[in-house]
S.K.: 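Pasting in a structure now, in structure tokens, and then I'll have a few things to ask.
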Amino acid sequence: MLLRSSIVFTPLPSPSLRHTKTHPQRLTLPIISAQLPTTSYTVSDNALESQGFTLHRNTDGLNLDHLNSVFVAVGFPRRDPDKIRIALEHTDSLIWVQYNKTQRPVAFARATGDGVFNAIIWDVVVDPVFQGVGLGKAVVERILEELMQKGITNIALYSEPRVLGFYRPLGFVADPDGIRGMVYSRKQNKKKY
């Protein structure tokens with residue numbers, strides 16, 4: 001998927017979070033040419049603002065307890081705020097949406113990676129009260145664009161099977177060219193010798 005933007009990105013402090021509930025499926029974005037993509041967003045910045053939302057590209061003003069509430073609302077386990085803070089310090093890119101009436105986060109996504117070739121998108125969440133208005137697409141499209149503007153073209157994410165259909169129209173494919181992801185699991189079959 002090629003994306004375009006008139007937004008100028010500034011480097012963000014590194015942030016990061018993890019979510020493994022069931023066996024997520026790894027989706028990857030097909031490798032994209034090195035030229036800067038051109039995109040129009042599904043939901044423009046102006047449309048978001050007119051609906052009472054503000055986009056943020058760093059952790060300034062992000063209340064971690066409120067973010068944790070959104071995680072819990074979508075089925076993630078409650079997380080230790082100190083660990084969330086450490087994770088966010090190790091994140092390369094993040095986008096979050098604030099609902100202006102409540103001054104609380106209602107959508108969030110972040111990415112980690114090597115800063116050159118590869119990135120993984122994590123923790124894409126939208127408060128269930130605000131689902132269906134385009135906030136999920138808004139954060140994913142913008143984080144993809146930011147990663148591609150940095151020259152990162154191998155972009156993957158882990159998704160619950162029930163929401164795979166959300167990511168496909170955004171350019172993600174499961175197991176491209178037969179590539180299969182693996183996840184380390186502490187639950188291993190113990191063989192008796």
Side-chain angles (χ1 to χ4, degrees), residues 1-19 29 36-76 78-79 81-113 115 119-150 152 155 157 159 163 166-167 169-172:
M1 171 162 90
L2 297 179
L3 302 174
R4 174 190 89 177
S5 173
S6 60
I7 296 173
V8 176
F9 293 99
T10 55
L12 302 174
S14 291
S16 154
L17 304 170
R18 225 171 215 188
H19 154 258
L29 189 65
L36 284 180
T38 55
T39 285
S40 60
Y41 296 129
T42 303
V43 180
S44 72
D45 291 1
N46 289 339
L48 289 169
E49 289 175 23
S50 72
Q51 295 175 45
F53 299 108
T54 302
L55 278 165
H56 298 271
R57 296 179 182 278
N58 59 44
T59 58
D60 294 348
L62 179 60
N63 181 305
L64 299 184
D65 290 325
H66 293 164
L67 178 61
N68 217 354
S69 295
V70 178
F71 288 151
V72 171
V74 299
F76 287 19
R78 182 165 298 282
R79 298 169 176 174
D82 291 331
K83 289 184 178 182
I84 293 173
R85 188 175 338 284
I86 292 168
L88 291 174
E89 290 170 0
H90 294 89
T91 292
D92 299 316
S93 299
L94 72 82
I95 306 285
W96 64 282
V97 177
Q98 172 182 294
Y99 185 50
N100 295 331
K101 286 184 181 178
T102 62
Q103 299 294 301
R104 293 176 71 123
V106 294
F108 178 88
R110 69 184 186 90
T112 61
I120 298 177
I121 297 173
W122 303 99
D123 301 324
V124 177
V125 294
V126 176
D127 185 315
V129 172
F130 295 93
Q131 290 178 1
V133 296
L135 298 180
K137 286 180 183 173
V139 295
V140 173
E141 287 172 344
R142 286 161 177 81
I143 209 155
L144 285 170
E145 179 182 50
E146 184 172 327
L147 294 169
M148 289 187 286
Q149 283 191 350
K150 292 177 180 180
I152 299 168
I155 302 168
L157 63 83
S159 172
V163 293
F166 168 78
Y167 293 105
L170 295 169
F172 287 91

S.K.: If the condition is side chain to side chain contact (heavy atoms under 4.5 Å, CB included), which residues does D60 pass it with, not counting sequence neighbours?
M.R.: N58

S.K.: Output yes when a side-chain donor or acceptor of E141 lies under 3.5 Å from a complementary backbone atom of T42, and no otherwise.
M.R.: yes

S.K.: Nearest 0.5 Å, please: how far is OH in Y167 from CD1 in I121?
M.R.: 8.0 Å

S.K.: Below 30° counts as parallel, above 60° as perpendicular, anything between as tilted: where do the rings of F71 and F108 land?
M.R.: perpendicular

S.K.: Mind jotting down which residue pairs meet the side-chain hydrogen bond (donor to acceptor under 3.5 Å, both in side chains) criterion with at least one end in residues 127-137? Sequence neighbours excluded, please.
M.R.: none

S.K.: For the residue pair Y99 and L135, establish whether any side-chain heavy-atom pair is separated by less than 4.5 Å.
M.R.: no

S.K.: With sequence neighbours excluded, tell me which residues meet ring pair (Phe, Tyr, Trp, His ring centres under 6.0 Å) with H56.
M.R.: W96

S.K.: Using the side chain to side chain donor-acceptor pair (under 3.5 Å) criterion, which residues pair with S69? Sequence neighbours excluded.
M.R.: none

S.K.: Kindly indicate whether the side chain of V74, heavy atoms from C-beta on, has any atom under 4.5 Å from the side chain of V126.
M.R.: no

S.K.: Could you give the distance from CG (D92) to CG (L147), rounded to the nearest 0.5 Å?
M.R.: 8.0 Å

S.K.: Quick check against the 3.5 Å criterion: does N68 have a side-chain atom that pairs as donor or acceptor with the backbone of R79?
M.R.: yes

S.K.: Atom OG1 of T59 and atom CG of L67: how far apart are they, to the nearest 0.5 Å?
M.R.: 11.0 Å

S.K.: The criterion is side chain to side chain donor-acceptor pair (under 3.5 Å); which residues satisfy it with Q51, sequence neighbours excluded?
M.R.: none

S.K.: Rounded to the nearest 0.5 Å, what separates atom NE2 in H66 from atom CD in Q103?
M.R.: 10.5 Å

S.K.: Carefully, step by step, assess L144 and I155 under the rule side-chain contact (heavy atoms from CB on, under 4.5 Å).
M.R.: CA-CA 8 Å; L144 285 170; I155 302 168; 3.8 Å; yes

S.K.: Can you find a heavy atom in the side chain of D45 that is under 4.5 Å from one in the side chain of R142?
M.R.: yes

S.K.: Going by heavy atoms in the side chains, are V139 and V97 under 4.5 Å from each other?
M.R.: yes

S.K.: Walk me through it: do E146 and K150 pass the test salt bridge (charged side-chain N to carboxylate O under 4.0 Å, His left out)?
M.R.: CA-CA 6 Å; E146 184 172 327; K150 292 177 180 180; 3.7 Å; yes

S.K.: Please give me the minimum heavy-atom distance between A111 and I143, naming the atom from each residue.
M.R.: N-CD1, 3.7 Å

S.K.: For L48 and A138, work out which heavy atoms get closest and say how close.
M.R.: CD1-CB, 4.0 Å

S.K.: Rounded to the nearest 0.5 Å, what separates atom CD1 in I152 from atom CD1 in I120?
M.R.: 11.5 Å

S.K.: Listed by chain and number, what are the side chain to side chain donor-acceptor pair (under 3.5 Å) partners of T54, not counting sequence neighbours?
M.R.: N100

S.K.: If you compare all heavy atoms of P105 against all heavy atoms of V70, which two are closest, and at what distance to 0.1 Å?
M.R.: O-CG2, 3.3 Å

S.K.: With a 4.5 Å cut-off on side-chain heavy atoms, are L64 and R85 touching?
M.R.: yes

